[in-house]
*Asks:* 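My questions will all concern the structure given below.
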Amino acid sequence: MTQRTSGGQLSSMNDLTSHLHTTPPPWQKQHSMRARNMFRKYIIKDKCNDRTDKRKLNQPNRRLAILRPFCAFDAEALPTTFAAWESLPPCKAAVSDLGDIDDDLDGYNGTSSKEESKDVAADLFLFYSQSYYDSPEAVTAVDSIIKTFNEPGGWSECFENIYAIEANIPPELDLYLPSAQEDLYNWVNGPNRQYEAGFRVIQSGEWGQYDGFYLMEGDSIPVKAHWLDVLLEEIEKFRPFAILGAKYNGDKWDQFYEKIPISLLHHINGNGIYNTSHPLLDRLVGQLEVEAPCPFNSIPYDYRMSQMATEGALGIVPKLAPKIMLNEDGQNITLSNNTAMFGRWWDRWGPETPFKETPAIHNYAATNLVPRHLGPEYVIHGAKLYSPWSPKKNKITLVISEWFSDRSSSLLSHLDEAEHPFSEIVLMLPPSIPEKEVYNETRLPVKTHHRLSSDFMDLCDAPIDTEWFMLTNSYHHVAKHVDLMFTPGAFKPVIPFTPATYPFCLKFPYCKETVTLAQRTSKGHDKVVQDFDMLYHTETRNAFCTGWKENYGTEGEDLYKKDRRALRRKKFIGPKGPTGTDYTAYLVANGKDGMYKFTDRSLYGARNPFLKVFAKQEKMDGLSAEDLAKLSGVTGFDNTTDCSCSNFETAGACAGSGLGCVFRAVFQTCHPPEQIDDGSPICPETPSPTMAPTVDLDGRMDDTEAPTSSPVASSSG
């Protein structure tokens with residue numbers, strides 16, 4: 001099993017100044033005497049005498065601990081997580097050593113008193129989950145940070161002391177296995193136990209009297225200077241509180257927003273500020289310790305505390321994964337009923353609003369971003385920050401597939417309203433539709449091309465002059481913001497994919513067939529890339545299409561030639577031509593996938609560059625009169641309307657949708673309203689993005705639906 005580490009406290013690891021022992025946390029009591037006695041603390045003294053004397057003359061009234069938890073898995077990389085602290089110093093005191101930085105906290109408009117925040121000091125804790133005694137890698141990492149701290153100037157000017165502490169979690173219990181969260185009750189045991197240990201260490205007062213601590217994992221990255229100054233101001237501004245931090249601020253949950261439990265939507269992420277003296281928080285942490293050996297341990301500590309509060313406030317008892325609710329004999333486990341106890345807690349402290357949000361911290365939980373998505377925050381957690389498209393680096397053509405009428409005029413007429421990367425348009429027309437003399441709906445040049453083969457060959461047959469191109473059809477509009485992302489430095493396109501697993505793809509016949517076809521090119525291919533998400537490299541596309549046509553014919557006539565099942569049933573439920581998934585498999589098979597950065601949309605989300613505005617028309621336009629009559633008469637298909645908040649691209653349209661949709665200004669997107677657990681969604685189901693320009697028109701619409709971005713909301717973020 002994959003293991004992880006977190007917590008611990010020490011000074012210079014190779015020159016320890018003290019070895020002190022503490023009473024182990026309750027969960028450790030079943031372990032050996034050696035394990036119990038290994039919970040050690042090592043102290044790092046003040047950096048130099050002149051600084052020490054200066055600090056002692058100005059003792060602060062308040063003190064905050066900054067906990068930097070790490071584990072065996074990320075111990076080696078720990079020193080690199082402090083790189084941003086050099087360029088973006090935590091406080092003004094370090095600015096003189098790092099160059100001039102704007103002195104007004106970058107326009108921060110907090111209302112708390114700066115004089116109050118100056119009366120607060122901060123200490124840094126390097127918090128290892130296992131034992132330093134058994135981890136040379138952790139010792140080396142901590143020594144590197146200590147060395148930096150002891151050098152004159154720099155970010156260390158913002159901290160009075162540095163400590164290294166350890167949680168001493170046994171390696172076999174220091175687990176973080178997100179892939180097993182439906183099967184293993186202690187898949188997140190490492191982070192849960194480490195949080196409890198950190199809370200108790202700071203609460204105990206053994207390292208000084210602290211008002212609380214900021215749990216700041218390695219993927220909590222400053223994006224503005226003076227971030228520690230701002231956080232100290234926010235603490236003063238929002239007192240009293242139990243937890244101060246951020247709910248999920250990203251948009252990757254939007255497509256299944258209505259299915260997310262209230263307790264998950266409203267939980268404050270673990271990278272927050274904790275008031276160790278608050279009686280409600282003390283009780284919540286105590287309950288976490290009690291629940292360590294039971295199925296509730298399968299919930300991350302921050303989410304679990306939100307579940308307790310929600311159960312107390314609304315009486316909603318959380319549901320756990322079915323497998324986790326079975327004991328070793330396969331029988332259901334009966335859990336104690338704590339609703340009344342949680343209710344008493346909430347009745348006492350709920351009216352005080354114990355969980356509060358600060359705009360200084362944003363939690364993105366592995367959401368892909370570009371700089372335009374950043375706002376008032378000073379620290380971001382879990383974000384993958386990429387570079388935006390640059391017109392100086394890339395010229396990109398947009399290929400639009402047209403069919404039975406001039407629907408493309410709608411897309412073209414809205415194109416100039418969008419922020420997009422396209423420099424020209426190639427409009428693929430059927431032979432029956434004459435081109436217009438002038439396409440004046442957009443400022444971009446429009447080139448028309450009458451296709452000589454089937455529409456599903458547009459990917460290969462579109463004539464492209466630029467280095468890159470994207471593909472859509474006339475049933476779509478270009479999104480208001482097309483956030484193409486590129487890796488910093490190398491500037492590789494970032495392409496989202498859907499995992500080719502059962503819940504995400506293989507239970508959908510169309511998607512399963514798409515993967516099967518791609519595996520002819522690359523054995524074991526496991527990435528589904530939607531046609532309209534791919535940024536195609538023109539030269540590579542040309543080579544891919546040459547090979548594809550050689551294998552399957554110029555119009556794909558041989559695509560299913562060897563598929564006995566399809567030939568026997570005389571029905572093909574998969575794509576009729578080349579797809580973005582085929583192109584991706586070609587890249588992998590030929591060692592060219594390195595020109596892209598592929599990112600799992602089930603983990604990091606994705607934003608559709610094109611929004612479908614004629615969903616019903618797309619299905620109806622290709623139907624025969626007989627099939628259309630069947631759908632209209634039997635299912636009432638002609639009376640259906642689109643029901644998706646994502647179709648509304650402005651704040652006004654979102655608010656006026658009549659569906660209760662909510663606008664997200666940072667991303668300029670619209671998402672469904674939250675629902676009380678097990679409530680009825682505003683739409684029967686969230687529509688899936690299109691996998692290909694056309695659908696199977698034999699009437700079996702369900703067989704051709706694409707997978708959703710994610711079937712469930714992960715609780716690990």
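Worth knowing before you read on, the calculation uses all heavy atoms, side chains too, and leaves out hydrogens, waters and symmetry mates.
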*Asks:* Should D455 and K576 count as an ion pair when the cut-off is N to O under 4.0 Å?
*Replies:*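 K576 and D455: not salt-bridged.
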
*Asks:* Sequence neighbours left out, what pairs pass salt bridge (charged side-chain N to carboxylate O under 4.0 Å, His left out) with at least one residue falling in residues 383-395?
*Replies:*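 As it turns out, there is no salt bridge (charged side-chain N to carboxylate O under 4.0 Å, His left out) pair with a partner in residues 383-395 once direct neighbours are skipped.
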
*Asks:* Would you say the side-chain atoms of S408 and E402 include a donor-acceptor pair closer than 3.5 Å?
*Replies:* yes

*Asks:* Is it true that D251 and R664 make a salt bridge, defined as a side-chain N closer than 4.0 Å to a carboxylate O?
*Replies:* no

*Asks:* Sort and list the pairs that fulfil side-chain hydrogen bond (donor to acceptor under 3.5 Å, both in side chains) and have at least one residue in residues 648-660, not counting sequence neighbours.
*Replies:*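 For residues 648-660: none.
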
*Asks:* Would you find a donor on one side and an acceptor on the other, under 3.5 Å apart, between the side chain of H537 and the backbone of M595?
*Replies:* no

*Asks:* Show your reasoning for whether side chain to side chain contact (heavy atoms under 4.5 Å, CB included) applies to Y536 and L459.
*Replies:* CA-CA 9 Å; Y536 299 92; L459 168 58; 3.4 Å; yes

*Asks:* Do the ring planes of Y257 and H671 sit parallel (below 30°), tilted (30 to 60°) or perpendicular (above 60°)?
*Replies:*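 Ring orientation, 0 to 90° scale: tilted.
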
*Asks:* How are the rings of H362 and Y364 set to each other: parallel, tilted or perpendicular (split at 30° and 60°)?
*Replies:*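 H362 and Y364: perpendicular rings.
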
*Asks:* Is the distance between the ring centroids of F508 and Y510 under 6.0 Å?
*Replies:*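 No, the ring centres sit 6.0 Å or more apart.
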
*Asks:* With the threshold set at 4.0 Å, does a side-chain nitrogen-carboxylate oxygen contact exist between D465 and K447?
*Replies:*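 Looking at D465 and K447, the cut-off is met.
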
*Asks:* Would a distance-only check, ignoring hydrogens and angles, find a side-chain to backbone donor-acceptor pair under 3.5 Å from D600 to S602?
*Replies:*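 Such a contact is found between D600 side chain and S602 backbone.
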
*Asks:* Run the ring-centre check on W548 versus Y583 and record whether the distance is less than 6.0 Å.
*Replies:* no

*Asks:* Check the orientation of F667 and H373. Use parallel for under 30°, tilted for 30 to 60°, and perpendicular for over 60°.
*Replies:* tilted

*Asks:* Considering only NZ, NE, NH1 and NH2 on the basic side and carboxylate oxygens on the acidic side, decide whether E419 and K480 come within less than 4.0 Å.
*Replies:*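 Salt bridge: no.
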
*Asks:* Knowing that exactly one of V399, L415, T397 qualifies, which makes a side chain to side chain contact (heavy atoms under 4.5 Å, CB included) with I425?
*Replies:*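 Exactly one option meets the side chain to side chain contact (heavy atoms under 4.5 Å, CB included) with I425, and it is L415.
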
*Asks:* Partners of D533 by salt bridge (charged side-chain N to carboxylate O under 4.0 Å, His left out), sequence neighbours excluded?
*Replies:*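 Checked D533 against salt bridge (charged side-chain N to carboxylate O under 4.0 Å, His left out); matches are R601.
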
*Asks:* Report the relative orientation of the aromatic rings in F532 and F610; use parallel for angles under 30°, tilted for 30 to 60°, perpendicular for over 60°.
*Replies:* perpendicular

